[in-house]
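Reviewing the structure listed below.
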Amino acid sequence: MPHVEIVQLLVSPVHRLAGRPGDGPPELPPGELVTSAEVRAGLGIVGDRYFNHPAHRNASITLMAAERLPQPYPADLLRTRRNVLLRGVDIDAYIGRTVFLDSGSGPVELEVRSAARPCAWMDTTLGPGAQRALRGGGGVRCRPLTDGVLTVGRAEFGVREPGDTAPGT
């Protein structure tokens, strides 16, 4: 089973990047970067702005690959506003698949639904040219299929093929 690293987890209770990017980013509250996050099937991450939000149930969790952030942009979820920053897997290549992450407390299955396209805010929060540089690599939007907990650190990563069953079922 391949291993990846969960570099950062972000649970943000409110949407922060609103208005015009030219006005600059708003001040972000402390505590949005966490060491673990509780995932609920069909609902999202407990405490996050998209948790149990009907318009976002099919895209309530966003994942991004740290390797996709071009230099000199920092690998920092406070700047990209994704939920899970991974190292060791090109998550953008898994659109249309079901993947899982297991950081030690059992697998969390995620249906990778669509690209999380970078917006104009990336040029403000990361730096000039970031929006263009992240095209095709800005992360993915996922629907959680199982309950579980994600924790910063080493994790197993895998793909569920149609007809597969989770271990222990």
Side-chain angles (χ1 to χ4, degrees), residues 1-17 31-69 74-119 121-122 134-169:
M1 191 84 38
H3 285 92
V4 299
E5 179 187 2
I6 298 175
V7 178
Q8 286 182 326
L9 293 167
L10 180 125
V11 179
S12 179
V14 295
H15 186 71
R16 293 279 184 240
L17 300 181
E32 291 184 325
L33 290 178
V34 297
T35 57
S36 67
E38 181 184 354
V39 176
R40 300 282 306 277
L43 300 175
I45 297 176
V46 174
D48 191 68
R49 64 200 176 280
Y50 296 127
F51 181 78
N52 197 24
H53 194 280
H56 294 279
R57 285 207 183 116
N58 285 329
S60 59
I61 298 177
T62 53
L63 283 68
M64 183 174 205
E67 293 87 351
R68 287 292 196 128
L69 285 162
D76 184 354
L77 293 178
L78 290 173
R79 295 171 184 263
T80 63
R81 307 306 289 164
R82 307 300 191 240
N83 297 115
V84 182
L85 184 63
L86 298 172
R87 181 171 285 124
V89 63
D90 182 8
I91 195 64
D92 294 87
Y94 290 92
I95 294 172
R97 309 288 299 273
T98 297
V99 301
F100 69 86
L101 288 166
D102 186 343
S103 52
S105 59
V108 174
E109 292 191 22
L110 303 164
E111 180 183 6
V112 183
R113 308 269 303 171
S114 63
R117 291 182 177 84
C119 67
W121 275 102
M122 296 300 107
L134 287 170
R135 285 188 186 143
V140 295
R141 297 181 184 283
C142 302
R143 181 171 67 105
L145 301 176
T146 59
D147 293 349
V149 175
L150 296 175
T151 305
V152 170
R154 185 176 160 128
E156 290 183 2
F157 173 85
V159 178
R160 295 273 190 244
E161 299 299 334
D164 280 358
T165 57
T169 60

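Since the model is a prediction, treat every value here as computed from it, not as a measurement. In this chain, residues are counted from 1 in sequence order. In what follows, every heavy atom counts, from backbone to side chain, and hydrogens, waters and symmetry copies are set aside.
Side-chain atoms of T98 never come within 3.5 Å of backbone atoms of R160 as a donor-acceptor pair (strictly under, hydrogens ignored). Checked by atom type and distance alone, the side chain of N58 never pairs as donor or acceptor with a backbone atom of R143 at under 3.5 Å. Side-chain atoms of E67 come within 3.5 Å of backbone atoms of G88 as a donor-acceptor pair (strictly under, hydrogens ignored).
L145 CG to E111 CD: the interatomic distance, rounded to the nearest 0.5 Å, is 5.5 Å. We find the CG-CG distance between D92 and L63 to be 9.5 Å, quoted to the nearest 0.5 Å. Rounded to the nearest 0.5 angstrom, S60 OG and R49 CZ are separated by 11.0 Å. Of the inter-residue distances, the one linking L150 atom CG with N83 atom CG reads 9.5 Å to the nearest 0.5 angstrom. The CG atom of L101 lies 11.0 Å from the OG1 atom of T151; values are rounded to the nearest 0.5 Å. Summarising the geometry, atom CZ belonging to R97 is positioned 10.5 Å from atom CD1 belonging to I91; distances are rounded to the nearest 0.5 Å.
Across all their heavy atoms, V159 and F100 have their closest contact at N-CE2, 4.1 Å. The two residues A59 and R141 come nearest to each other via the heavy atoms CB-CB, 3.5 Å. Among all heavy-atom pairs drawn from D102 and G106, the shortest one is OD1-N, 3.1 Å. Smallest separation of non-hydrogen atoms from I95 and A115: CD1-N, 3.7 Å. Across E32 and S12, no two heavy atoms sit closer than the pair OE2-OG, 2.6 Å. Taking all atoms of both residues into account, the shortest heavy-atom contact from V149 to V108 is N-CG2, 3.8 Å.
Using a 4.5 Å heavy-atom threshold, the side chains of L86 and I6 count as touching. Within the 4.5 Å cutoff, the side chain of V4 has no heavy atoms near those of the P2 side chain.
Here the rule is side chain to side chain contact (heavy atoms under 4.5 Å, CB included) with D48, and of I45, N52, V46 only I45 fits it.
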